[in-house]
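Scroll down for the structure; my scribbles are underneath it.
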2 protein chains.
Amino acid sequence: MQNKKKIDIIELAKILNLSKSTISRAFRNSSDINKHTRQRILDKAQELNYHPNIYASSLRKRKSKTIAIIIPELANNFFSKAVNGIENIARSNNFHSLIYFTDSQVKKEIEITKNLLNGRVEGVIISATGEGTEPLHIKSLQRNTPVVFFDRVYDEIIAPKVVTDDYESSFKATELLLKNGCKRTAFFVINKNISIGKQRMKGYLDALKANGCKHNDKLILNCCNHFQENYKMISKFLKKEKPDGIFASVERLATCTYSVCKDKNISIPADIKLICYSSIDIADLLAPSLSTVTQPAYDMGAKAAELLFKQINEQQISDEKVTLTSRIDERASSQ
Amino acid sequence: MQNKKKIDIIELAKILNLSKSTISRAFRNSSDINKHTRQRILDKAQELNYHPNIYASSLRKRKSKTIAIIIPELANNFFSKAVNGIENIARSNNFHSLIYFTDSQVKKEIEITKNLLNGRVEGVIISATGEGTEPLHIKSLQRNTPVVFFDRVYDEIIAPKVVTDDYESSFKATELLLKNGCKRTAFFVINKNISIGKQRMKGYLDALKANGCKHNDKLILNCCNHFQENYKMISKFLKKEKPDGIFASVERLATCTYSVCKDKNISIPADIKLICYSSIDIADLLAPSLSTVTQPAYDMGAKAAELLFKQINEQQISDEKVTLTSRIDERASSQ
DNA sequence: TTGTATGCGTTATCAC
DNA sequence: GTGATAACGCATACAA
């Protein structure tokens, strides 16, 4: 399977009766090389299956043309689309993308960033777990490599960030429920201490206040990332608190609620109105169709990548914060 | 932001009054090094933010500890889960994963594989576009690097492959429609010439035959990857051919059909029964709940990665073909 | 336009 | 257990 006789630049030079610098030039579109010589070299290289060793050249040039993408998971359309956006921009810059998953655990995030301290990549795009008190691991990373955040950021860190109008959209989403008559509107969140959790909760709380609803702490439900556990928590919650409206800050909490309601014969939207953050493409095919707050996932990824390359190319610090707007699609579940 | 004074192994050696060989040993858990010396080195390294340059080391060791994952897209739960499986195995082998998307275009696949000829990775896991007559680009790649396929393979290529029982599952899925009374059962496919398309169609055709249904070429609909176009084709198809059963070989063709039926007031399953390949987690929340053939996506990715590492470690050719079985979940859409 | 010489930061081999 | 030295394969400054 493998071609054992790996040929290197020196051998190729010998065969062609040239010096290795000339060979090197041929592969770098160097201006000062005879077109004919160049073609001769490329032809022979192809014939002999010679390809410049990327690690030797990375070492010499001190450039790897590689970035890292660190995200919680892929089991989520939001991140899939964001990665797509990132990779597209990376590719158009002739960069390669390493991908890493944290499973929303700081422990893994720390592990991964440690592995990136050695110059393996020229930049990092991350959607953070947000856990932990102080993201020292990110600060360490920043000393060695440009870092750009998207969606899930560390407020304490100075770096370019791409986020959405979490506060405003959450405010509107909540208000939409209130306008439709909800008196006991609940907020479902995975972690109310991370960046997006905080903002979305703030939007929820302020919408309540602005509409004359008194806040009830019991109507805020802290969930996790596991379906079974969430299912139990939500079942219990619905039974005990009897909310008539739910704003889910994360898609999986909404779909889990759908499952619970289906099993318990609770009607959405008659008994409970629901709206949630989601990047799902088939929200209108659910029963009932799902009202959503949709983030421009692809654009967020692309923008984050652009900011990263700007930083890589211009070699300068920036703490630009780009805020894109989400779209609210009102469907049956909230009406 | 960046720590300009990058320190290297020689400087560290000087500072510690040691030779660089000793420094190197400290970072490679070399057996013959004094524990105390080692600790001294690691401490100082941390203090000075020294990290062994990965490219110098890759060059010297001729190992990159990196693999490439090439898939059509990520906008698809199947691939998301598969990537997750791959990355997990890679990580547990201390390997890094580069990710590339072909958008189902051979042109891009060729471009990507060309970029991998230079030893950037120690192995490649690919779910191919399947387009094109002869995958010469894969053969070229194989000369330089181990390659493992999953799901979408090139039959002509000799390499480890992880697939599912496409034929059998498609047979069963089709039969299920027939058993439920369908007389005009259609088959929706994106590309009936690629590996999985072929197998799934064969299963469909043989199920028809086995159940005494005569095959009608007009009931096979060749679609594409774009929603709008598919929407038009399917609309037209439903109107013209009036199928009463559909086996969609790809999830997006099923959801698109749902959209069409919803808009045209065609009832699933009363007018048309439907079953499809899908890795969606909320098939039971659709209206109606969607009958699915589900592939073990995560396991397929993990298995592919295992086969790749086996090949990397054992340095030997293999054309092992692993066939995992899909699960059929009968829900409302097909009954 | 081409060649020569040197260095990129490691690891491996061999001494000591 | 540690050090000196030669690769690893390429890119660049400088000379020709």
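Predicted model only: the values in this text are computed from it and were never measured. In what follows, chains carry the letters A, B, and so on, assigned in the order in which the sequence lines appear, proteins first and then strands, with residues in each chain numbered from 1.
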Any carboxylate oxygen within less than 4.0 angstrom of a Lys/Arg side-chain nitrogen, looking at [X] and [Y]?
X	Y	result
A:Lys161	A:Glu320	no
A:Lys310	A:Glu314	no
B:Lys139	B:Glu134	yes

Rounded to the Å, how far apart are [X] [atom1] and [N] [atom2]?
X	N	atom1	atom2	value
B:Arg120	D:dG9	CZ	P	17 Å
A:Asn49	D:dG9	CG	P	15 Å
A:Arg40	C:dT1	CZ	C1'	13 Å
B:Ile41	D:dT2	CD1	C1'	10 Å

Can you find a pair of side-chain heavy atoms, one from [X] and one from [Y], that are under 4.5 Å apart?
X	Y	answer
B:Leu116	B:Tyr100	yes
A:Val153	A:Asp155	yes
A:Phe149	A:Pro160	no

Once each nucleotide of nucleotides 6-16 of chain C is scored for protein heavy atoms under 4.0 Å, what B/S/- sequence comes out, 5' to 3'?
BBBBBBB-B--

Base, sugar-phosphate alone, or nothing: which one does B:Asn118 contact when heavy atoms must sit under 4.0 Å apart?
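Contact class for B:Asn118: none.
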
Counting any heavy atom closer than 4.0 Å, what does B:Thr37 reach on the DNA or RNA strands: base, sugar-phosphate only, or nothing?
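Answer is sugar-phosphate: B:Thr37 comes under 4.0 Å of backbone atoms only.
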
Does a nitrogen or oxygen in the side chain of A:Thr22 sit under 4.0 Å from OP1 or OP2 of C:dT2?
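So the side chain of A:Thr22 is outside the cut-off, no N or O lying under 4.0 Å from OP1 or OP2 of C:dT2.
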
